[in-house]
Amino acid sequence: MACTLIGAIGDVERFSNYLEFKKYLGVAAENKTSGISVSKSRQTYEGVRDTRRILFLMVLVLISPNTKSNLFKHYYDRLVNGRGMSKRKAIGHVCGKIAQVMYSCLKNNRMYDPVLHAKHLGVPWDEKCIDIRMPKNIDELESEAAEFSEEIV
């Protein structure tokens, strides 16, 4: 999944805002019009098809019952149960949310911080809810990834 996203996105600096990024990934909303009336909005057909599929699979993994509690699952539940949105449409919204978070992390050159994300969403979230197992020495992991990428090229 990561290789597909990295290959499709390339340099994030070519996108001026996250809306362009979402449209490129194929998870943006667009208005469906007929003549002069706007009937409803739908997910765009534009963008890289593979990235849309990858984001869809990511959402399915994040919202599955076997996955521990996370902010994206909470957001999905809020859309489906709180707003009465259809499940398929809510998955599209969560895909857009993931794209937005991805853009923010790439543009600011920062790792994903679930506590900060929860703060922006207005969701009470504490450290015991987060179960992210990161290696203690990330430098070793980054150097191994760099060596691996040099072997591929």
Side-chain angles (χ1 to χ4, degrees), residues 1-32 40-142 144-146 148-149:
M1 288 185 192
C3 291
T4 302
L5 288 172
I6 290 168
I9 294 168
D11 185 20
V12 75
E13 295 300 323
R14 65 188 175 135
F15 304 104
S16 60
N17 58 27
Y18 79 94
L19 297 173
E20 286 180 13
F21 185 72
K22 282 173 60 172
K23 185 139 185 153
Y24 179 77
L25 295 181
V27 293
E30 66 182 10
N31 289 329
K32 182 179 175 184
K40 58 183 173 179
S41 64
R42 63 180 168 93
Q43 194 170 11
T44 185
Y45 289 121
E46 297 176 18
V48 181
R49 187 181 314 174
D50 291 334
T51 58
R52 184 173 37 247
R53 289 180 183 150
I54 294 294
L55 290 173
F56 185 83
L57 289 173
M58 287 173 74
V59 172
L60 291 181
V61 169
L62 286 169
I63 66 173
S64 76
N66 299 333
T67 305
K68 292 187 178 183
S69 181
N70 60 64
L71 289 168
F72 297 104
K73 183 186 269 190
H74 178 76
Y75 181 65
Y76 172 81
D77 290 338
R78 187 171 65 183
L79 292 174
V80 172
N81 299 328
R83 294 187 186 173
M85 190 179 286
S86 71
K87 292 179 179 180
R88 181 82 175 192
K89 190 172 183 178
I91 288 172
H93 278 262
V94 177
C95 286
K97 183 63 74 178
I98 289 174
Q100 186 176 354
V101 169
M102 226 185 324
Y103 176 78
S104 175
C105 290
L106 291 172
K107 197 73 165 182
N108 297 324
N109 199 20
R110 292 186 179 168
M111 290 182 63
Y112 173 69
D113 183 8
V115 176
L116 182 64
H117 186 203
K119 182 180 173 186
H120 287 290
L121 285 176
V123 175
W125 205 259
D126 56 359
E127 295 294 329
K128 66 180 180 180
C129 296
I130 302 166
D131 187 27
I132 297 176
R133 294 183 183 100
M134 294 294 291
K136 292 185 180 182
N137 191 355
I138 294 181
D139 295 332
E140 289 178 16
L141 185 66
E142 288 177 346
E144 288 176 17
F148 183 69
S149 66

Pair listing, salt bridge (Lys or Arg N to Asp or Glu O under 4.0 Å) test, anchored in residues 87-96, at least two apart: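 Qualifying pairs: none.
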Tell me which pairs pass salt bridge (Lys or Arg N to Asp or Glu O under 4.0 Å) where either residue lies in residues 95-111, with sequence neighbours left out.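 Salt bridge (Lys or Arg N to Asp or Glu O under 4.0 Å) check on residues 95-111 returns Glu13-Lys107.
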Out of curiosity, [X] [atom1] to [Y] [atom2], how far, rounded to the nearest 0.5 Å?
X      : Y      : atom1 : atom2 : answer
Lys119 : Leu71  : NZ    : CG    : 14.0 Å
Cys95  : Phe56  : SG    : CZ    : 7.0 Å
Leu116 : Ser104 : CG    : OG    : 8.0 Å

So, for Ala99 and Leu55, which heavy atoms are closest and what is the spacing to 0.1 Å?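 Looking at all heavy atoms of both residues, the closest pair is CB-CD1, 4.5 Å.
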Which pair of heavy atoms, one from Ala8 and one from Thr51, lies closest together, and at what distance?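 It is CB-CG2, 3.4 Å.
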Test of understanding: with side-chain hydrogen bond (donor to acceptor under 3.5 Å, both in side chains), list the residues that count as partners of [X], not counting sequence neighbours.
X      : value
His117 : Tyr112
Tyr24  : Arg14
Ser64  : Thr67

Those residues that, when tested against [X], pass side-chain contact (heavy atoms from CB on, under 4.5 Å) (two or more places apart):
X     : result
Thr4  : Asp50, Ile54
Leu62 : Asn70, Phe72, Ile98
Asn17 : Leu19, Glu20
Ala90 : Tyr76, Leu79, Val80, Met85

Please enumerate all residues that pass salt bridge (charged side-chain N to carboxylate O under 4.0 Å, His left out) together with Asp77, with sequence neighbours excluded.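 Result, salt bridge (charged side-chain N to carboxylate O under 4.0 Å, His left out) vs Asp77: none returned.
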Just wondering, do Val12 and Met102 contact through their side chains at under 4.5 Å, heavy atoms?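 They are not in side-chain contact.
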For the pair Phe15 and Phe21, name the ring-plane relationship: parallel under 30°, tilted 30 to 60°, perpendicular over 60°.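 Ring orientation of Phe15 relative to Phe21: perpendicular.
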